[in-house]
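The structure under discussion appears below in the form of structure tokens.
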Amino acid sequence: MEVITTAAGADSRGAKSAGAAPFLAAPVPASDEEFAELVDTLVADPNRHDQLTDLLRENHPWYNERGTATVAQMRGWVLLGFARTGVSDHALLFVLEELDTGIDPYLVATAACALRSYAKPNPALAPFVMRALAQNRYRDDPVSFLAYADYSLGPEATSPVRELLLTLAWLGPHARTVLPELEATVKSGGLSKKALVEAHRTLEAIRGSEEEPDCCKLPDGLISKFSWAAKARRSSESIASTVFEDQDGAGITFNEFFQGRPSIVVFFYTRCDNPLKCSLTVTKLARVQKLLESRNLAEQIQTAAITYDPAFDVAERIRRYGEKRSVRMDASHRMLRATNGIDSLRQHFKLGVNFVESLVNRHRLEVYVLDRNGRVAASFERLHWDEQEVVDRAIEVLAERKKPARIATPMMGTLASIAIAFFPKCPVCWAAYLSLLGVTGLIQVPYSPWLQPILAVLMIANIASVWLRGRATGRMIGPYLVTLGALIILASRINSSSLKLAALGIVLTLAGSLLGVFTVQKSSAHLNF
Amino acid sequence: MKVELQINNTTNANGRFVGWSPSPCRIRITDPTGATTQTVVVKLSAVSTATGGAVVFRKTAAGTSSTTLDLSLPINGASVPFFVVGRKASISNGDVSIQARAQIANSPIVGVIRLMVRIRKNAESLTTAERDRFLAAFASLNTSGRFQDFRDMHTLLSQPQAHGAKGFLPWHRSYLLDLEREIQTIDPSVALPYWRFDQPGPKLFTLDFMGVAGPTGTVQWSATNPMQFWATDSALGVTRSPMAGWTPTTQPGPGVITEAATFALGTTYVAFRFPMELNPHGQAHTRWFGFIRSVPTAAKDPLFFLLHCNVDRLWAKWQRINGRFDPAVAASYDSAPANPGHNLPDTMWPWNGITNATDPTRPPTAPGGGMASSPCTTAPGTQPRVQQTLDYRGTISAASRLAFDYDDA
Amino acid sequence: MTTKKRASKKAAKAPKGMSALAALSVATNAKKTTAERVSALAQAPEAVMKSDENLQKLCDVVKNTDEPVEVRLEAINALATAAFAVATFEPYRNDYIATLQEVAVDPNQEIRESALGLLASEKNKFAQKKLLDGLKNPAKALVPPEKALQLLSYDVHTEAYAVARDIISNSPNELAKQEAMRLLAADPNSTKLFEKLLRDKDETREVRQVAASALNSLAPQKLQEHAREMLLDDSEYEDIQATSLSAVKQFGDDEEVAKDKALLKSVNRLSADAKSSKYKKSAKDFLAMVAEKEEK
């Protein structure tokens with residue numbers, strides 16, 4: 001599927017609410033009935049539909065300590081809520097996610113049902129529905145939509161296959177691309193009698209219409225499964241000291257592994273029982289590694305698979321898991337488990353996962369490209385990701401370090417500091433300075449006191465930029481020196497006879513600025529072979 | 001004078017295992033001291049322990065068998081081929097040895113090699129030592145993590161590859177072979193035993209072997225049985241209890257058809273496969289409550305593999321009775337079109353590594369990689385084809401020999 | 001709630017020469033004897049997959065509480081047998097699961113356990129909910145707590161851990177405690193609990209054996225340490241020492257073991273003094289194995 005970009009990072013950085021504040025403030029529902037009522041309340045209020053979407057985040061606190069079955073039940077009910085409200089562009093990604101990788105009959109059925117409430121059928125949706133049909137046809141268990149946690153199986157009972165067929169019928173001519181596959185499925189003789197009746201109606205709906213759908217036009221406003229986090233790259237300072245153990249039992253901190261080179265990071269756990277998720281993710285990581293090798297980039301771009309379940313997934317387990325999926329494991333490519341700082345890790349990546357005790361109860365697909373400072377530069381979430389696309393993004397991030405070192409910025413700031421220190425206090429000094437600099441021709445240039453505030457702003461800008469670089473790298477000596485230097489220069493302005501003080505301030509400012517630049521350069525230079 | 005003997009044409013000690021089919025061997029002179037001519041005649045003979053296995057010799061694969069064999073060996077060290085055929089199953093590794101005696105002055109023994117006639121046996125006929133070796137190796141496989149692949153191959157998502165279609169028997173033959181070879185990397189003397197589900201199992205269903213159901217249906221084991229540490233999917237132990245009214249140690253599986261009735265289902269693969277997949281195979285599965293009763297959980301129970309070993313033995317014996325080893329003979333298989341993985345020339349998932357990334361009929365991943373290799377034979381390779389599973393004895397083509405045999409097939 | 005016990009009876013003979021359709025006809029005929037119908041059901045699965053109507057006939061037998069329990073149970077088995085032919089059974093699975101869900105709440109406990117067992121192996125959410133509800137509220141229990149825990153352990157992702165811990169602390173019976181332990185073996189945070197149970201000589205042998213197995217799964221090195229200590233402890237029960245020896249033999253470090261004189265001495269003592277000949281033999285075999293490896 002082509003990548004469709006709109007608002008970047010809306011999902012991974014927290015649901016953006018168009019209207020009222022997120023529902024997180026509400027206490028955890030104490031019972032099934034209360035949960036169902038709360039969802040119904042959100043459904044009934046058009047101003048709160050975004051809060052309904054928020055309920056689909058895996059890490060929503062209402063899913064804490066709930067078993068997988070309960071989580072599936074809750075999520076399915078929310079999806080059915082969308083069937084009544086209409087699926088927004090924001091919510092569409094969650095619906096497609098369930099079709100793409102879901103194997104729970106209730107969730108797949110509710111997602112298929114919800115999709116029919118999307119604004120308009122679109123050809124891009126058909127492959128998701130067909131894929132879900134192929135993946136779930138042997139698990140066509142009966143489900144009920146009548147009420148929350150209802151398992152009654154009267155005439156109103158439905159099933160994932162039935163719902164998927166109905167959705168394909170809804171797509172009509174927009175599902176023509178999957179017509180051959182559907183025909184093959186029908187011909188295979190595996191559908192039940194009831195499903196066959198539905199299937200024939202679906203085939204008619206797809207073949208019968210004279211409407212020509214727009215070929216491959218992607219719906220406007222669909223949230224991308226891929227997003228650049230360029231403008232929102234989080235500092236890795238808080239996670240710098242997170243400690244991992246790799247597949248060989250070797251300890252390594254976040255900074256030690258992820259600083260210095262871009263990385264491709266996937267998350268998994270060995271007890272995941274959805275083969276469309278973790279097992280496939282790690283298998284695809286192996287393919288990513290092969291792609292990197294084929295382009296001689298395996299030493300310039302690292303890879304890591306980090307487990308959600310570090311207590312159970314000890315070194316031996318993750319090593320075997322990787323080996324069985326042909327994952328390359330060496331100093332630049334590791335399977336990791338966090339032995340401390342797990343919460344920081346979750347926050348840094350804003351992981352889409354939740355737990356019952358220490359066990360994962362639900363997680364999304366998530367792949368990240370980190371820049372050489374360990375900051376998340378790009379993410380692929382929820383839907384199946386393409387190995388080549390991930391590698392391409394990582395190469396783009398790698399190319400960022402080839403931009404010329406921005407020595408000019410700190411130098412300009414330093415010069416501004418120097419200029420402030422020695423700014424003439426009067427027109428006579430101004431003239432004297434100009435003579436000194438041999439610019440006699442410019443002696444006619446009038447004394448320009450308005451330059452002072454501009455230079456001051458430049459100096460402050462320099463200080464700010466050095467601080468930002470320092471926080472990014474974790475090395476704070478530069479910012480401290482620059483700040484001290486600036487304070488000393490200001491003090492020298494107040495004490496007009498203190499040239500030595502001014503000189504000291506300049507030296508400290510210069511030292512702090514240059515330390516910041518060369519520290520960043522050094523950490524990337526040593527790996528450039 | 002010294003000679004070097006190779007069983008299965010390998011110097012690998014783990015290759016010194018033979019079955020009922022002719023195993024290619026060779027012999028060569030490595031030290032011609034004492035030779036007075038350009039060739040030396042060497043007599044091969046087999047020596048067994050009282051309870052050990054027995055072998056005979058052939059000059060060619062199809063030649064006549066004899067208890068001794070004279071071979072003329074050049075002193076330049078060139079190898080001379082011969083074949084060894086098992087005649088009686090061994091009970092321990094190396095309980096048969098082949099002696100090479102040079103026909104020169106004093107008739108010295110110039111070479112000895114110990115081997116084993118390694119055969120899949122009825123679990124009821126195993127000696128205590130054989131049983132314990134099997135259990136120890138199987139328990140090790142379980143804990144090593146490699147067993148998880150076999151578990152992952154047999155979940156519901158992957159079942160259309162293996163059940164309810166004509167590839168059912170070839171797929172399970174390959175599955176068992178892969179597992180057995182993995183066990184043999186731990187202990188090469190082990191062959192998979194089978195559970196005769198149409199007979200009582202007085203030894204099999206004991207605390208020292210496959211365990212006894214406790215009051216809740218959780219299987220109990222003796223304190224010396226390594227299976228007491230069995231775990232799958234991070235859950236402990238095995239849930240298995242016989243259906244009400246059945247005592248497995250004294251009664252056959254209720255309603256499971258006999259061996260004779262199984263063979264009587266039909267003489268063509270088409271007539272034979274589907275009915276036998278239901279009964280005795282499916283029937284044997286559902287005589288229990290617990291893991292083995294249902295497709296998604298069956299492979300969590302070690303008994304599952306003994307059950308399927310018997311299913312495979314029934315197929316093997318049916319093949320022998322009806323002469324159905326040749327894929328080119330229509331009655332040997334089912335030529336009706338089917339999904340990939342079920343037709344004769346097809347490779348099979350998961351060993352072929354094909355997933356739904358390229359073929360929508362396949363599962364999303366292919367756990368475990370290619371078929372395990374064996375030092376005893378190069379067949380079937382890492383990606384077995386359906387047709388390779390038919391000629392498992394190398395009857396049609398010696399190169400097809402898969403290096404396993406049954407005690408009564 | 002106790003399982004109804006029946007006297008062990010002669011197993012039904014496999015029917016001879018009956019076609020699948022004929023077998024289904026006999027199986028669904030209320031006028032035939034129970035034995036005839038149970039026997040015929042062994043041949044019925046193939047007929048089930050020939051049409052929806054055939055499937056429904058068998059499902060109706062399963063659901064009919066007026067039918068003899070033996071026939072209903074065997075009908076469930078026939079459906080489960082047919083379900084093994086996954087690709088061919090595909091069109092019928094939906095009705096099969098629906099039938100199982102319906103009888104999971106049957107008045108008869110054997111029927112409930114049979115259905116819930118099959119549903120649990122499918123990680124069926126309905127079954128999991130019913131089992132969990134029954135553990136939390138005994139008035140809603142469909143099966144005894146030990147059975148519920150056992151069936152819930154089929155899926156490590158259930159939310160039964162808290163309940164399992166409660167049951168270990170306040171177990172209604174020993175069996176429930178053992179099943180709760182088996183379920184908790186999926187929880188790495190329970191390692192200390194298992195260590196405690198393993199070393200507690202007041203616990204039953206079965207509990208301690210489950211604890212050993214759980215530690216082998218969660219923290220194998222810890223099991224090796226405890227196993228060694230228990231072998232060295234003269235006051236320890238010999239069956240636990242036998243389990244410990246199994247652990248060391250099977251999963252221990254051969255080199256470390258060979259150097260451990262104190263351990264070998266203890267095993268030697270076991271080989272001479274154990275009351276059980278089986279344990280003596282196990283100890284002797286272990287020493288022989290160590291000696292053999294030393295020679296090599």
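Chain letters run A, B, ... following the sequence lines, proteins first, then strands; residues in each count from 1.
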Evaluate the side chain to side chain donor-acceptor pair (under 3.5 Å) criterion for residues B:Thr218 and C:Glu179: first the C-alpha distance (whole Å), next the side-chain angles of each, then the deciding distance (0.1 Å), finally the verdict.
CA-CA 8 Å; B:Thr218 297; C:Glu179 293 299 337; 2.4 Å; yes
Give, as side chain, backbone, both or neither, the part of [X] having an atom under 4.5 angstrom from any heavy atom of chain B.
X        : value
C:Ala78  : neither
C:Glu46  : both
C:Ser114 : both
C:Ala212 : both

Say you draw a straight line from OG1 of B:Thr224 to CD of C:Gln250; how long is it, rounded to the nearest 0.5 Å?
11.5 Å
Could you list the donor-acceptor pairs under 3.5 angstrom formed between side-chain atoms of residues 79-87 of chain C and any protein atom two or more places apart in sequence or on another chain?
from, atom 1, to, atom 2, distance (Å)
C:Thr81, OG1, B:Thr286, OG1, 2.7
C:Thr81, OG1, C:Asn77, O, 2.8

Any donor-acceptor pair under 3.5 Å linking the side chain of B:Thr297 with the backbone of C:Tyr154?
no
Return yes if some donor-acceptor pair links the side-chain N/O of C:Gln150 with the main-chain N/O of B:Thr216 below 3.5 Å, else return no.
yes
When only pairs under 4.5 Å are counted, which of B:Glu277, B:Arg293, B:His285 shares the most heavy-atom pairs with chain C?
B:Arg293
Based on non-hydrogen pairs under 4.5 Å, which of B:Gln228, B:Gln283, B:Gln161 is most in contact with chain C?
B:Gln228
Below 4.0 angstrom, N of the basic side chain to O of the carboxylate: do B:Arg287 and C:Glu74 qualify?
yes
Is chain C contacted by the side chain of B:Ser222, its backbone, both, or neither, given a heavy-atom distance below 4.5 Å?
both
Taking every non-hydrogen pair under 4.5 Å, which of C:Lys249, C:Arg205, C:Glu206, C:Lys281 racks up the most with chain B?
C:Arg205
Specify the closest pair of heavy atoms between C:Ala42 and B:Asn279, including all atoms of both residues, with the distance to one decimal.
O-ND2, 3.2 Å
